[in-house]
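What follows is one structure encoded as structure tokens, with my remarks underneath.
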Amino acid sequence: MVPQPTVGVLALQGDVREHQRVLTGLGAATLAVRTPGELDRVDALIIPGGESTTMWRLARTFGLLEPLRQRVASGMPAYGSCAGMIMLADRIEGGVTGQETIGGMDVTVRRNAFGRQVDSFEADLDFPALGATVPPLRAVFIRAPWVEKVGDGVDVLARVATGASAGRIVAVRQGPLLATSFHPELTGDARVHALFLDIVKEA
Ligand SMILES: NC(=O)CC[C@H](N)C(=O)O
């Protein structure tokens, strides 16, 4: 029998448990990752939402930033949600002075892109990569980034459908890397996590 992959959740800060709960519900083995040793033990990694400036500082302090960069560069599947999307971006706009990322995705991500007046909102997204397009995906955005620019190797998976931000890119994939502006771990809809587990199994 092929051993089951272990999916880590970066546990420096943010909504770690919610992701672990969804993964467990899908039958995946999961591990909270706070140290380089724990990172060595996982086959794939979810980077949760939270606050990317804090996550970056803690990753530096815990000696995790370089190991994370190395694992992602060497092909480890990773999924970043919200602050996690910012962490996976090669370039960010609206970051604090000196803010670094893990990188790996050839995208430019704008922090807090939806503006102050809409700190938080929900929207239904058409997300064809999830297979059936019905029902649409209910997405929760909390001080969310959007993807400003994508490189050639990046697939756009979903855009905001309506309103002032219509057309803005909120889900992308580049090979084994997946990122969403929103928080699928909060809605009880496990389809984005299931897509990531398919990516993990493919890799
Ligand atoms: N919900 C979130 O992850 C918010 C992200 C946060 N605004 C940041 O810049 O990191």
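Note that this is a predicted model, so its numbers are computed, not measured. Counting convention: from 1, in listed order, for ligands and their atoms alike.
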Legend entry - Contact partition for M55 relative to ligand 1, non-hydrogen atoms under 4.0 Å: neither

Inset, instruction - Look at atom 5 (C) of ligand 1 and say which protein heavy atom is nearest, naming residue and atom and giving the distance to 0.1 Å. - result: G50 O, 3.4 Å

Inset, instruction - Just jot down the ligand 1 atoms closer than 4.0 angstrom to any heavy atom of S52, in number order. - result: 8 (C), 9 (O), 10 (O)

Inset, instruction - Please determine if R110 forms a cation-pi arrangement with W146, meaning its NZ or CZ atom is less than 6.0 Å from the six-membered ring centre and no more than 45° off the ring axis. - result: no

Legend entry - For ligand 1, the portion of R111 having any non-hydrogen atom under 4.0 Å away: side chain

Legend entry - Step-by-step side-chain contact (heavy atoms from CB on, under 4.5 Å) determination, Y79 to I47: CA-CA 6 Å; Y79 164 44; I47 306 169; over 6 Å; no

Inset, instruction - Enumerate the atoms of ligand 1 whose separation from the nearest heavy atom of G49 is less than 4.0 angstrom. - result: 3 (O)

Inset, instruction - Check each atom of ligand 1 against the heavy atoms of I86 and keep those under 4.0 Å away; list them by number with element. - result: 8 (C), 9 (O), 10 (O)

Legend entry - Salt-bridge contact E66-R69 (side-chain N to carboxylate O under 4.0 Å): yes

Legend entry - Partner of W56 by side-chain hydrogen bond (donor to acceptor under 3.5 Å, both in side chains), out of Q99, E100, Q13: E100

Legend entry - Ligand-residue contact atoms, ligand 1 with C82, heavy atoms, under 4.0 Å: 1 (N), 2 (C), 3 (O), 4 (C), 5 (C)

Legend entry - Heavy-atom pair with the smallest gap, counting every atom of P128 and L157: CD-O, 3.8 Å

Inset, instruction - Taking the side chain as every heavy atom from C-beta outward, state whether L45 and M76 have any atom pair closer than 4.5 Å. - result: yes

Inset, instruction - Please identify which atoms of ligand 1 are closer than 4.0 Å to at least one heavy atom of E51. - result: 6 (C), 8 (C), 9 (O), 10 (O)

Inset, instruction - Could you check atom 7 (N) of ligand 1 against the protein and tell me its nearest heavy-atom contact, residue, atom and distance included? - result: N112 OD1, 2.6 Å

Legend entry - Check against side chain to side chain donor-acceptor pair (under 3.5 Å), T108 and E93: CA-CA 7 Å; T108 305; E93 284 179 10; 5.3 Å; no

Inset, instruction - Check whether any N or O atom of A144, backbone or side chain, sits under 3.5 Å from an N or O atom of ligand 1, and answer yes or no. - result: no

